[in-house]
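So that the names make sense, note that chain A is the first sequence line, chain B the second, and so on, each numbered from 1. Keep in mind that what you see is a predicted model, and the values were worked out from it rather than measured.
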Number of protein chains: 2
Amino acid sequence: MEFKEAKNKFVQTWGALGSQWGINKTMAQIHALLMVSNEAVSMEDIMDELQISRGNASMNLRALMDWGIVYKEYKAGERREFFTAEKDLDELAVKISRERSKREIKPALKILKEVSTIEVKDSAEEKHFVDQTSKLYDFVLKADNMLDKMTEFNENWLGKLVMKIMK
Amino acid sequence: MEFKEAKNKFVQTWGALGSQWGINKTMAQIHALLMVSNEAVSMEDIMDELQISRGNASMNLRALMDWGIVYKEYKAGERREFFTAEKDLDELAVKISRERSKREIKPALKILKEVSTIEVKDSAEEKHFVDQTSKLYDFVLKADNMLDKMTEFNENWLGKLVMKIMK
DNA sequence: TTAAACTTTCAAAAATAATTGAAAGTTATT
DNA sequence: AATAACTTTCAATTATTTTTGAAAGTTTAA
C-alpha cells in the first residue's frame, strides 16, 4: 500500500467510525485528515481532499473547534486561515471525554435523579422503577466520576492506569 | 411528578441518549422500557407503550437480543413471547463494551495496523503519517485491553475499580 | 472608501436512516 | 390438514440528518 492510499483509507475509516459514535462523517474525516497532517491545512485544501463544499467544511471545522480538538492557525503573510488538530492522544481523549460528559452524561444524570426520586405508591411496579433508576443513577455517576479521575493523571494517563490496574 | 410521567421521561431520555451513541432511538427506548419493567413485556405491549409498528418492534428487539442485553421469555400457557432486559448494570456494561469492541474497535485496529505499517519514503509528511497512526494504534489497543481488564473483575467491577484508582 | 480575499450562514436539495404495514413465514391447536 | 395466533421480513414511505452553494458577512490592503 502506498502513502496516498493509506491516508485515504485512514480518513475513510475514521469517518465511518465517527458515524457509529454519533459524530458526523465529515467532522470525523476532517479531524482524521488534520491528525495525520504534519502541517496546518487550509480550508481550500480540506475541501479539495475530502471533496466537500465550502459550507460543509466551515461548519464542521467550527464544530471541531467547539469541541476543542482543532485549532485555527494564522501564518505570517497569509490571509487565509489554517487548521491543525490536537495531536497528543492523551489530551485528545481527555477533551473528548470532558465534552461528552458535559453534553450527554451530566444532563442524563439530572433526569435520572428527577425520575428516581418520585414519590411512589406501594406497588411492585413503581417500586421497581425507583429501584432500577436509582441504581442507574449511582452507576452512571460513579462511571462519570471515574472517567474524570482517570484522565486527571493527564500526562500518559492511559499508560499509568494500565499499570495501576494490572498490579 | 407521578409514576407514568417519570417512566415516560426516562424512556424518552434514554432514547435520545441512544441516538447520540449510534444506537437508534427505538432500540434504546425499548431497552429503557424493559429495564424498568418488573416483569416480562409482550411485543403487543411494547408497540402500544411506544406507539410503534409491529415491524419496528420486531426488528429492534432482534437487534437488542443480538447485543445480548434483552432476552426472550416464554410464559406457561401463553402462546406469545415476552421480553426482559438485562437488569444487572455491571453485566449490562460488560456486554455493551464487549460488543462495541468486537464490532467497532477490533476492525478499526486492523485498519490502523495496516496503514501504520506501510513503507514510506524519506518525506516528513509520510513519516508523520506513520508516526501518528502508530501512536493511535498503540493507544487504541491499550484502551481496548484496559476495558477488557476492567470488566473482567465482573461482579461490582466499577466499584472495585474506583477503589483501586483512588488509592 | 473600495475592492479583493476570504469565511460564515442558512434555506433548499440530497443523502441516509428509521418506520410502516401487509404479505410471507412459523408454530401450536383443533 | 386446516386454522388460528403469533412473528418476521422487506419494499415502499416517511422522517431525520447532512450537504450544498450562493448570498451575506468580515477582514485586510491599496
(message) It should be established whether B:Ser58 places a side-chain nitrogen or oxygen under 4.0 Å from OP1 or OP2 of nucleotide D:dT9.
(response) no
(request) State, to 0.1 Å, how close B:Ala93 and B:Trp157 come at their nearest heavy-atom pair, and which atoms those are. (result) CB-CZ2, 3.6 Å
(request) May I have the distance from B:Leu64 (atom CG) to D:dT7 (atom P), rounded to whole angstrom? (result) 16 Å
(request) Grab the CZ-C1' distance between B:Phe83 and D:dT8 for me, whole Å please. (result) 11 Å
(message) Using whole Å, what does the distance between atom P of nucleotide D:dT7 and atom CD of B:Glu73 come to?
(response) 14 Å
(request) Round to the nearest Å and state the distance from A:Arg62 atom CZ to D:dT18 atom C1'. (result) 18 Å
(message) Is there a side-chain contact between A:Asn60 and the phosphate of D:dT18, meaning an N or O under 4.0 Å from OP1 or OP2?
(response) no
(request) Report the residue (A:Ser19 or A:Phe82) whose heavy-atom-nearest nucleotide on DNA chain C is the more 5′ of the two. (result) A:Phe82
(message) On the nucleotide C:dT8, are OP1 or OP2 found under 4.0 Å from the side-chain N or O atoms that A:Lys72 carries?
(response) yes
(message) Pick the closest DNA chain D nucleotide for B:Glu44 and for B:Asn56 by heavy atoms, then say which residue is nearer the 5' end.
(response) B:Glu44
(request) Give a yes/no on whether any side-chain N or O of B:Arg79 is located under 4.0 angstrom from OP1 or OP2 of D:dA4. (result) no
(request) Choose from D:dT19, D:dT7, C:dT20 the nucleotide whose nearest atom is closest to any side-chain atom of B:Ser53. (result) C:dT20
(request) Report the nucleotide, chosen from D:dT7, C:dT7, D:dT9, that has the shortest atom-to-atom distance to any side-chain atom of A:Met43. (result) C:dT7
(request) Grab the NZ-P distance between B:Lys25 and C:dT20 for me, whole Å please. (result) 9 Å
(request) Round to a whole Å and report the spacing from CD1 of B:Ile52 to C1' of D:dT8. (result) 14 Å
(request) Answer whether the closest heavy-atom distance between the side chains of B:Val130 and A:Phe3 falls below 4.5 Å. (result) no
(request) State whether B:Glu5 and B:Lys9 are salt-bridged, where the test is any N-O pair (Lys NZ or Arg NE/NH1/NH2 against Asp/Glu carboxylate O) under 4.0 Å. (result) no
(message) In whole Å, I'd like the distance from the CG atom of B:Asn24 to the C1' atom of C:dA18.
(response) 7 Å
(request) Using atom types as modelled and distance alone, determine if a side-chain donor or acceptor of B:Gln132 lies under 3.5 Å from a backbone N or O of A:Lys87. (result) yes
(request) Could you check how far CD1 of A:Ile46 sits from C1' of C:dC6, rounded to whole Å? (result) 14 Å
(message) Quick check against the 3.5 Å criterion: does B:Glu86 have a side-chain atom that pairs as donor or acceptor with the backbone of B:Asp88?
(response) yes
